[in-house]
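I have placed the structure first, in the form of structure tokens, so that the comments after it can refer back to it.
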Amino acid sequence: MQFETADLFRHGINAYGAFQKVLLDPPREGAVEIVKSLPDDWPRRLVYVSATRPRSRGRDAGVLVHTKGFRSPQPGS
């Protein structure tokens, strides 16, 4: 198992190679450009941490679900 911490706004996710799982904790503005740049074949699982901004979370989730093919479980499930 390997863990990496990275500023994806600075280098982009592709600079770090392929991962099966990603934990994404974006700033309040969201991470729509990072979400759009995710390769189609990885990661297999993505955990998106969002505390306050429903608008940016909704925008990012829309790209993840409708463009990248991720499923969005109900909160708490």
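A quick note: this is a predicted structure, and the numbers were derived from the prediction, not measured. Numbers here simply count residues along the sequence, with the first being 1.
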From [atom1] ([X]) to [atom2] ([Y]), nearest 0.5 Å:
| X | Y | atom1 | atom2 | result |
| --- | --- | --- | --- | --- |
| L38 | N14 | CG | CG | 8.5 Å |
| D25 | Y48 | CG | OH | 9.0 Å |
| R55 | R28 | CZ | CZ | 15.5 Å |
| T5 | L23 | OG1 | CG | 9.0 Å |

Of all heavy-atom pairs between [X] and [Y], which one has the smallest distance, and what is that distance?
| X | Y | result |
| --- | --- | --- |
| I13 | S37 | CG2-OG, 4.2 Å |
| F9 | P27 | CE1-CD, 3.5 Å |
| V32 | V63 | CG2-CG2, 4.0 Å |
| W42 | F19 | CE3-N, 3.2 Å |
| D60 | V35 | O-CG1, 3.8 Å |
| R59 | G30 | NH2-CA, 3.8 Å |

Assess whether atom CG of D40 is packed by more than 12 heavy atoms of other residues, nucleotides or ligands within 6.0 Å.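 Open: at most 12 neighbouring heavy atoms sit under 6.0 Å from CG of D40.
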Is the number of heavy atoms from other residues, nucleotides or ligands within 6.0 Å of NZ (K21) greater than 12?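 Incorrect, the count does not exceed 12.
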